[in-house]
Amino acid sequence: MTRDVHSTVKRGLLLAAICVAGCGEMSADGTTASETALSGGSVSGPVSFGSIDQSGINAGACTGIVSARIWTLTNANGLVARLTDYGATLVELHVPDKAGVMADIVQGFDTVAGYANSQFAGATVGRVGNRIVDGLFTLDGTTYQVTGAGPAGSNNHALHGGPCGWDKQIWAASTRLTNDGPEITFSLVSPDGDMGFPGRVAATSTYRLDNDDQLLITMAATTDKATPINMLHHSYFNLAGAGSGTVFNQELTIEAERYTPPAAATGVPDGTILAVAQTPFDFRKPHAIGLFADQPGVGDQTPPGYDHNWVVRGSSDRLRPVARVKDPVSGRVMSIDADQPGVQFYTTNFRPDPNVSPYVPTIGKGGKEYRIHEALALETQKHPNAINFPSSVHPGREDEIVRPEKGESYRHRMVIKFSAE
């Protein structure tokens, strides 16, 4: 059981800028070959992405300097994705606007060293994405404490798998060119006890940039012991181009009638589910993201903005529409389908705010500053803190637990479609 504008404008120039000397296709055994013909898409790399010193984390596998590599995927229509083995992370994603002009629409950094303060940009997050209250949960009579969180009642919650979550580890990588487009698969083994979680987990995160201009992301995992798993993809998107300004003028639709509000005592969902009607969380019809962002529950947070989980309508184990974003200026459109019960919508509230002192800028690719509310994440997922939900809430606690003795494994599919209008 498993838990589950086409354009070639300036394509050559874009590829020349992205694929630096040394690019080549990499097979599963790590060898390289020359880039394949563009007409069928291509995979190139790896090339060096620099190194990062993780001694400041000093937990789990994050204890010293590690080196990273980066690959380039190009589909038959000229869309380009660049991905690194550090955190199985999407670094760049170039898509066309309504005039066929390409732009990189995800936040990222020029070398892996920038990811020391990435706030999970583009990463594959695990073992349990989002929050666990105080990092505490009980499973089959045993209480577990996530590394770096707690104690009980402290509101020091576990976030995205702990201080050395999967976003900060080097994954093995293999590539192939399929009939549908180029693909890269990242693999990681998380040992029993990693960040305090039970069970040895073998995880994969596969990205395919298909020739229908879709980024297909499949996250999967197996375990040898019952454990919670909630992998998620954490890109920060701006359809006008990364670092180009606020996303509050971009239009969003979320396919949900309900959301999981944060509990007053902890700031984390506790299993309560409320209707979005007549609240600033109602995105059932498309409207500008910033339209209601100053209302209570959003504008009065510290820092202000959206960082909430919606209950996606439909069967939680089936691929179905989740959200749609449109930039009215460029015409770029991004739609997301997934097979998870929830989606976290986040407007990069913890990026630096130039109106708040002291202002220490976050410098991204090409020297661009990444500021508050200049990107958005739509993280399809199990509900935050689901492992601590009451048993009466469905999907909830058991939806997040993978039990190998019952033949269960973990699988999470996302389909991100790009177009322009």
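Along the sequence shown, residues carry numbers from 1.
Each of V311, L274, T272 was evaluated against T260; a single residue qualifies, V311, per the side-chain contact (heavy atoms from CB on, under 4.5 Å) test. If you run side chain to side chain donor-acceptor pair (under 3.5 Å) between K326 and each of E251, E421, Q250, only E421 comes through. Between L73 and the options P182, S44, S42, a side-chain contact (heavy atoms from CB on, under 4.5 Å) holds for only P182. Under the ring-ring contact (aromatic ring centres under 6.0 Å, His included) rule, H234 has a single partner from W166, Y115, F120, which is F120. Considering R397, K225, R403 in turn, R403 is the only one that fulfils the salt bridge (Lys or Arg N to Asp or Glu O under 4.0 Å) rule with D140.
Note: W310 and H308 have perpendicular aromatic rings, judged against thresholds of 30 and 60 degrees for the angle between ring planes. Aromatic ring pairs are classed by plane angle as parallel below 30°, tilted from 30° to 60° and perpendicular above 60°; the pair H373 and F248 is parallel.
Judged by distance alone, the side chains of N130 and Q381 do bring a donor and an acceptor atom under 3.5 Å apart. Defined by atom type and a distance below 3.5 Å, a donor-acceptor pair is missing between the side-chain atoms of T178 and D180. No side-chain N or O of D270 forms a donor-acceptor pair with one of N385 less than 3.5 Å apart. Checked by atom type, the side-chain pair E379/N309 shows no donor-acceptor distance below 3.5 Å. Side-chain atoms of T72 and R82 include a donor-acceptor pair closer than 3.5 Å.
Side-chain contact between P163 and T147 is present, with at least one heavy-atom pair separated by less than 4.5 Å. Two residues are said to be in side-chain contact when any heavy atoms from C-beta on lie closer than 4.5 Å; I416 and F237 meet this criterion. A 4.5 Å side-chain heavy-atom check between T63 and N58 finds at least one atom pair inside the cut-off. Residues V393 and H383 fail the side-chain proximity criterion, which asks for heavy atoms closer than 4.5 Å. Residues D317 and R411 form no side-chain contact, since every pair of their non-hydrogen atoms from C-beta on lies 4.5 Å or further apart. Using a 4.5 Å cut-off on side-chain heavy atoms (C-beta onward), P395 and K382 make no contact. Side-chain contact check for Y86 versus I52: some heavy-atom pair is nearer than 4.5 Å. Put simply, the side chain of I217 does not reach to within 4.5 Å of the side chain of R413, judged on heavy atoms.
The shortest heavy-atom contact between Y144 and G196 is CD2-O, 3.7 Å. Between F292 and V298, the shortest heavy-atom contact is O-CB, 4.5 Å. Between F281 and G297 the shortest heavy-atom distance is CZ-O, 3.8 Å. Pairing each heavy atom of P280 with each of Q295, the nearest pair is CD-OE1, 3.7 Å. Here the closest non-hydrogen pair linking L209 and N75 is O-CB, 3.5 Å. The two residues S190 and R127 make their nearest non-hydrogen contact at OG-NH2, 2.8 Å.
Within a 6.0 Å sphere centred on CD of Q278, other residues, nucleotides and ligands contribute 12 heavy atoms or fewer.
F283 and Y306 have their aromatic ring centers within a separation under 6.0 angstrom.
L232 CG to L378 CG: the interatomic distance, rounded to the nearest 0.5 Å, is 12.0 Å. To the nearest 0.5 Å, the span separating CG on N117 from CZ on F350 amounts to 12.5 Å. Note that the CZ atom of F109 and the CD atom of E92 stand 12.5 Å from one another [nearest 0.5 Å]. The OG atom of S205 lies 12.5 Å from the CG atom of D85; values are rounded to the nearest 0.5 Å. Atom CE of M231 sits about 8.5 Å away from atom CG of L188, to the nearest 0.5 Å.
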